[in-house]
Amino acid sequence: MKSSTAQHVGECAFRLLGPIEVAVGHRVLELRGVRQRALLARLVLARGRVVSVDTLARDMWNGSPPSSARTQVSICVAALRKLFRDAGAGEDVITTEAPGYRLALTRHWTDLAEFTDRTDEGYDLARQGHTEQAAERLQQALALWRGPAFADMTSDFAELEATHLAQQRMLATEQLMVLRLELGEHRSLVGELTALVRENPLREQLRACLMLAQHRSGQRAEALRTFREGRILTVDELGLEPGADLRAVHDRILHDEPESPSFVEPPLPAPPQRHRVPSQLPAAGSVFIGRRAELRHLDETLTPDTPDRGATVCCIVGPPGTGKSALAVHWGHRAADRFPDGRLYADLRETAGRTPRQVAGQALRGFLRALGVPPEQMPAGPEECATLYRSLLADRRVLIVLDHAGSYDQIGPLLPGVSPCRVVVTGCELLMDGGTATVLRVGVLAQEDAVGLLTESAGVTRIAADPVGTATLVGLCARLPVAVRAAGARLAGRPHWTVADLAERMADRRRLLDVLSHGENSVRACFDRVLRLQAPEVTRHFDMLGRVSGHTFDVWTGADVLGLGVRDAEDALERLVDLHLLEAAGRDDCGALRYRFPPLLGLYAVERHAAPPRAGARRRELALTTTGAGDTTAVRNRASREQAGS
């Protein structure tokens with residue numbers, strides 16, 4: 001049994017089950033200000049894990065840290081270290097470990113850990129039938145409480161944790177009441193249970209215990225009145241009848257039947273299981289460059305701050321090859337300490353023979369297994385699985401990454417209900433209403449970041465030796481991350497090539513995708529995967545528009561190429577824009593909206609268009625060649641005549 005206080009020289013005791021208090025030996029330290037308390041509480045709650053400086057700043061200032069927050073965090077840590085050092089605790093209480101700080105708890109004591117250990121031990125003893133010892137352990141655990149957890153703190157994160165701890169305290173209290181009834185303490189429990197029921201009138205476990213204590217003490221009428229009061233309250237406030245267990249106790253008392261411990265006793269509450277903490281994120285890439293603004297957006301958006309807010313969803317969208325998945329995974333690892341209950345990950349790319357709902361169902365069952373649901377308790381139907389999933393996540397802080405999503409049918413069942421969980425969805429298309437999700441649009445890299453990524457992939461020496469050639473090479477890659485990585489991999493695999501050698505090969509547009517499509521960093525394979533998942537008409541329209549790649553074009557030109565009326569062509573073009581396979585290119589002098597392909601996607605569209613066309617498509621191509629892709633006036637006039645004739 002661990003001691004309830006720090007006994008060894010230099011050992012610290014951290015108490016959060018009440019007003020926050022820190023002692024070294026028998027000396028209570030004087031914490032100065034709300035920032036010190038918040039920082040220390042946040043480190044204790046991390047249970048020996050590293051907490052980043054950004055997380056500390058966010059929690060110390062309730063999500064709105066000032067520009068000087070990092071400096072102030074450092075000052076606060078220094079002040080706490082001095083406080084510990086002056087009290088004789090040594091230098092190792094708070095250690096600096098990238099990307100922040102860690103509270104070294106192996107030599108120190110916390111009432112949180114003590115409470116968890118003693119309640120777990122009490123539950124185990126109760127299951128083994130050691131009633132007296134179980135009650136003793138739970139009494140010791142509850143004696144650690146000096147009031148509401150974090151009683152002198154108003155930080156959002158502390159309020160969230162306090163809610164969770166209050167629930168654990170109540171579960172332990174209910175278990176103790178059941179055990180004391182088994183030990184025959186019903187007369188001494190009547191007053192105690194009456195006060196508890198008054199404070200927690202909707203806790204049916206407590207009400208059942210009070211009814212039993214009253215009945216065994218010869219207060220049958222009082223026991224029945226206790227039930228009636230609870231029923232009225234439940235019906236009025238919740239619109240529900242009392243639960244089956246409470247009704248069973250009432251019926252036994254009403255009919256004055258002999259008590260049978262196996263029937264009358266309220267069932268022992270299942271001991272709160274230690275949450276299984278899944279960590280499913282793929283390994284972060286060895287190189288991640290840039291995206292500072294995007295990471296900041298994720299930091300600001302996905303903060304699990306209040307327990308009563310719906311799960312915040314951030315949709316990362318953008319053209320294929322921009323590194324949406326890498327961004328989500330990198331941020332997930334960086335923010336792992338914000339989600340102490342785990343990180344879930346699912347790759348939702350569809351495979352042959354599986355519908356979107358089947359993909360979602362398989363991911364959902366995988367999540368339930370990761371959260372600790374054994375096979376024999378796995379619900380059979382998808383709706384039951386989704387209900388259990390939302391229940392398990394109701395009070396947990398879990399990050400859920402849904403990668404390569406292609407439809408809302410895939411992600412809908414995987415969204416938690418009202419909980420402090422946060423969700424990141426990646427894909428080429430926005431799948432959720434902007435009112436229920438924030439949107440992060442990811443484009444190509446900034447020039448310096450693209451050069452940095454190429455340097456990390458190919459090595460410093462060759463890149464530094466030819467800055468002009470490097471700029472040319474990055475330009476030929478259109479600063480698209482998948483292309484820059486592919487170019488870096490080519491240079492890394494050809495140590496005898498210079499940057500200029502590769503740039504010369506890539507200058508031939510007919511060979512560009514060939515040069516960038518080797519190995520796992522294949523640009524063409526990346527584009528293939530995206531087109532493979534699209535509806536047939538989307539793929540067909542993309543291929544046909546390869547005829548005008550390299551040009552900007554308006555809807556009339558698009559209509560002629562696609563063989564559609566103007567309105568249908570506009571819908572088709574906007575659908576490609578939604579999927580980031582085409583982009584708007586401003587308006588012409590007449591105010592007409594123009595479109596274009598992103599550079600490398602344009603080359604890819606040309607390749608696909610060059611495949612043997614059907615006869616009708618070939619005739620349209622020849623007509624367009626005769627007219628000229630840039631002669632939009634002639635095309636527009638012909639489209640207008642066709643529309644008028646129809």
Side-chain angles (χ1 to χ4, degrees), residues 16-19 111-112 114-116 118-120 122-123 125-126 131-132 134-151 159 161-238 240-250 252-253 259 261 264-272 395:
L16 302 182
L17 302 180
D111 55 1
L112 289 179
E114 188 81 357
F115 174 74
T116 301
R118 294 198 184 195
T119 51
D120 284 353
Y123 297 140
L125 288 167
T131 306
E132 188 172 353
E136 180 184 356
R137 293 294 184 273
L138 292 178
Q139 285 175 322
Q140 292 169 347
L142 291 167
L144 295 167
W145 287 75
R146 298 168 291 112
F150 308 99
E159 291 180 3
E161 190 67 26
T163 301
H164 170 72
L165 289 170
Q167 173 69 5
Q168 300 307 308
R169 182 185 188 182
M170 184 53 63
L171 288 173
T173 300
E174 290 174 339
Q175 176 80 82
L176 178 60
M177 296 301 105
V178 173
L179 295 174
R180 290 178 62 186
L181 280 173
E182 287 186 13
L183 292 171
E185 299 181 21
H186 43 273
R187 293 188 184 277
S188 61
L189 278 175
V190 171
E192 193 173 339
L193 280 166
T194 299
L196 283 170
V197 169
R198 189 179 299 118
E199 294 171 2
N200 306 275
L202 295 176
R203 302 288 300 199
E204 292 192 351
Q205 183 77 53
L206 289 177
R207 190 171 293 273
C209 288
L210 174 57
M211 291 166 60
L212 285 172
Q214 290 170 330
H215 181 52
R216 292 179 183 179
S217 301
Q219 303 174 31
R220 180 168 176 262
E222 288 297 319
L224 295 174
R225 183 181 296 111
T226 297
F227 175 81
R228 286 196 301 273
E229 291 172 351
R231 181 183 179 277
I232 291 171
L233 189 67
T234 303
V235 171
D236 287 349
E237 294 204 9
L238 304 178
L240 299 172
E241 289 290 334
D245 292 334
L246 188 60
R247 294 198 308 271
V249 173
H250 169 261
R252 283 283 177 174
I253 295 173
E259 292 189 16
V264 176
E265 295 289 1
L268 292 177
D395 62 349

Is it true that the side chains of Q214 and T226 contain a donor and an acceptor less than 3.5 Å apart?
-> yes
More than 12 foreign heavy atoms under 6.0 Å from CD of E132: is that the case here?
-> no
State, yes or no, whether a side-chain contact exists between I232 and E229 at a heavy-atom distance under 4.5 Å.
-> no
Residue pair M170 / N200, side-chain heavy-atom distance below 4.5 Å = yes
May I ask you to decide if R187's main-chain N or O and R216's side chain share a donor-acceptor pair within less than 3.5 Å?
-> no
Could you walk me through whether I253 and F227 pass side chain to side chain contact (heavy atoms under 4.5 Å, CB included), step by step?
-> CA-CA 10 Å; I253 295 173; F227 175 81; over 6 Å; no
Approximate separation, where rounding is to 0.5 Å, of L189 CG and L212 CG = 10.5 Å
Minimal heavy-atom distance between V190 and S217, with the atoms involved, is CG2-OG, 3.8 Å
Least distance between heavy atoms, D111 atom then L17 atom = OD2-N, 2.9 Å
Minimal non-hydrogen separation, L142 against F115, with atom names | CD2-CE1, 4.3 Å
Shortest non-hydrogen pair, G122 vs A134, comes out as O-CB, 3.4 Å
Mind checking whether C209 and R180 have side chains closer than 4.5 Å, heavy atoms only?
-> no
Spacing of L210 atom CG and L181 atom CG [to the nearest 0.5 Å] | 9.5 Å
Going through the distances and angles, do E114 and R118 end up as a salt bridge (Lys or Arg N to Asp or Glu O under 4.0 Å)?
-> CA-CA 6 Å; E114 188 81 357; R118 294 198 184 195; 2.6 Å; yes
dist L138:CG -> M177:CE (nearest 0.5 Å) comes out at 9.5 Å
Take D120 and T116 through the test side chain to side chain contact (heavy atoms under 4.5 Å, CB included) and record every step on the way to the result.
-> CA-CA 6 Å; D120 284 353; T116 301; 3.8 Å; yes
Test T119 against R137 for side chain to side chain contact (heavy atoms under 4.5 Å, CB included), laying out the working first.
-> CA-CA 7 Å; T119 51; R137 293 294 184 273; over 6 Å; no
Heavy atoms of P19 and A151 approach each other most closely as N-CB, 3.8 Å
Roughly how far, to the nearest 0.5 Å, is the CG atom of L206 from the CD atom of E192?
-> 10.5 Å
Would you say E241 and V235 make side-chain contact, with heavy atoms under 4.5 Å?
-> yes
Can you measure from NE2 (H250) to NE2 (H215) and round to the nearest 0.5 angstrom?
-> 11.5 Å
Starting at CG of L144, measure out to CG of L16 and round the result to the nearest 0.5 Å.
-> 11.5 Å
Test item: R207 side-chain N/O and L246 main-chain N/O as donor-acceptor pair under 3.5 Å = no
Do NZ/NE/NH1/NH2 and the carboxylate oxygens of R225 and E222 come within less than 4.0 Å?
-> yes
Atom of A126, atom of L179 and distance for their closest heavy-atom approach | CB-CD2, 4.1 Å
